[in-house]
Amino acid sequence: MRRTTDTNRIVKQLCRACLGLAVTVTLVTSPVSLCFAQPVDTGLPPGFRPPPPIPPELAIENPLITEEEITAWKPKRLGFQDALGKKLAGDGPKTIDEGFRVAVHELSIVEKRDDLTAIRKSIVRYIDNYVDVKNEEEKKFACKTVVKYAKTLLDGNLHVRMHAVLLIGSLNLSPEVPGMRLKAAVAYIDGLATLLDIIRAPKDGIVQPESVRILAALEARRLLAEGRHTLKVNSKIPVDCAKRILAELKGNGSDWYHLRLIEALAETALSSVPNEQNQQEPLIVEALAEILANPRRSNQIRARAAFLLGRVPMPGGLQAAPIAYAIVKLTQKIATEVNQGQLPGGIAIFQINDIYLSFVPEVKGESTTDDRKVAGLLSTLNQKPTTEAHKDIKPIVQSIFRQFQAAGNKPIRASFAPGLIDKLNAWPKPADMALAAGRGQIDALPPQPAPAAARPKTSPAAPPQANRQQNSANRAG
């Protein structure tokens, strides 16, 4: 009987201990106790954001040719090079087509991943070195063939896609001729359509990763800058390009991507763009001005927008006051951030340089993208607000450049005299921030973009090896 009593006593004590432990655990893990808990030291700096996930396109492998096929073609290389140097006749086009198919598809081989740059440059050299500049028909045929097969690489590995874009943007009807009197390259402008499909995919197209679209925007800018003059006067290519880039700018995207888009947009050399009713509107200038005046944007893209405003053709009837005010306020923001230690002077100097160059040519003789006026707002939008803004911003520019020149190679912490910033702060906001009557306010903030939805699958599942080359041929056709 006593043994039973002792057992009951031990069980009761054990139950009390368990109950106490349960209460303690509940209190420790409760929301109330969290108020008194010490922050956990993760060892990460404040504001740390983990890197984005690895793009799924890096895991895609879709080789379109084998090493054995390349080896079998090599004896035909001399015939391919010979065909490039002749007029298109007989078996020449077929030989050229087969040679470029092998050369371009070599980029898709997994084992060649470290050689992509060399392979890509060798393809460009085939056209630059073997096709006579005077044979424009042969040049265009060769470039068109390369673009045809480069498009078949755009559902493969991420690195392969990037080099396909770079390849399309590197094609020339006439290569650059170095020397004392540099002769600029004449780009193959017909490759622009493919780059625009990469930037803004059609309904049945592949939505490319932003990294690929950034390269496409860079190469689109080059093709426009170095090939636009080869277009016919009534060509619709620049207008189509402007409309698609303007539409892309309305979507989500990093400032770095949008910066490359507006650089390409400026090279369309259009003063206005027709709307759906075929009425001309100053959409390009407005798009740049809205980025310039948007405080949600980074200083870098806002300063670049200011720079480009000094280079695009200005339609008549625009008011300079909204643009001048936005440039002044951006300069004030940058200078204030430098003084507060929020922005290093080594970064600010480039942004301020872009702002200053919005008023004047970067080099002597620089013109707007349509080659009709001297570059800079003092020439293209020469109104009182423009000259006043230039006058008040110039001391800021001089101050930071003198500080860096005086320091030489030594690190410095740049700063600006408060009076210089006060002068910018004193600028009154115009009563109307529209560039023209009936137009929208350039400082009207767009709605915050919704959280990006999961990106649609960018590539179809890799087909079996036996079907890959047939699929590639179908896409090329």
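The first residue in the sequence is number 1, and the count goes up from there.
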Can you confirm whether the side chains of [X] and [Y] place a donor and an acceptor under 3.5 Å from each other?
X: Glu68; Y: Thr71; result: no
X: Asp370; Y: Thr368; result: yes
X: Asp371; Y: Ser367; result: yes
X: Asp255; Y: Ser298; result: yes
X: Gln441; Y: Asp432; result: yes

- Using side chain to side chain donor-acceptor pair (under 3.5 Å) as the criterion, point out the one residue from Glu57, Arg161, Arg200 that pairs with Gln208. Arg161
- Item | Asp443: partners by side chain to side chain donor-acceptor pair (under 3.5 Å), with sequence neighbours left out | Lys429
- So how far is it from Gln332 CD to Ile327 CD1, rounded to the nearest 0.5 Å? 14.0 Å
- Message: Rounded to the nearest 0.5 Å, what separates atom CD in Glu362 from atom CG in Asn353?
- Response: 7.5 Å
- Quick one: are the ring centres of Phe80 and Tyr126 less than 6.0 Å apart? yes
If you draw a 6.0 Å radius around [atom1] in [X], do more than 12 non-hydrogen atoms from other residues or ligands fall strictly inside?
X: Leu182; atom1: CG; result: yes
X: Arg113; atom1: CZ; result: yes
X: Gln342; atom1: CD; result: yes

- Message: Using side chain to side chain donor-acceptor pair (under 3.5 Å), reason through Glu337 and Asn299 one step at a time and then give a plain yes or no.
- Response: CA-CA 11 Å; Glu337 290 176 353; Asn299 293 343; 3.0 Å; yes
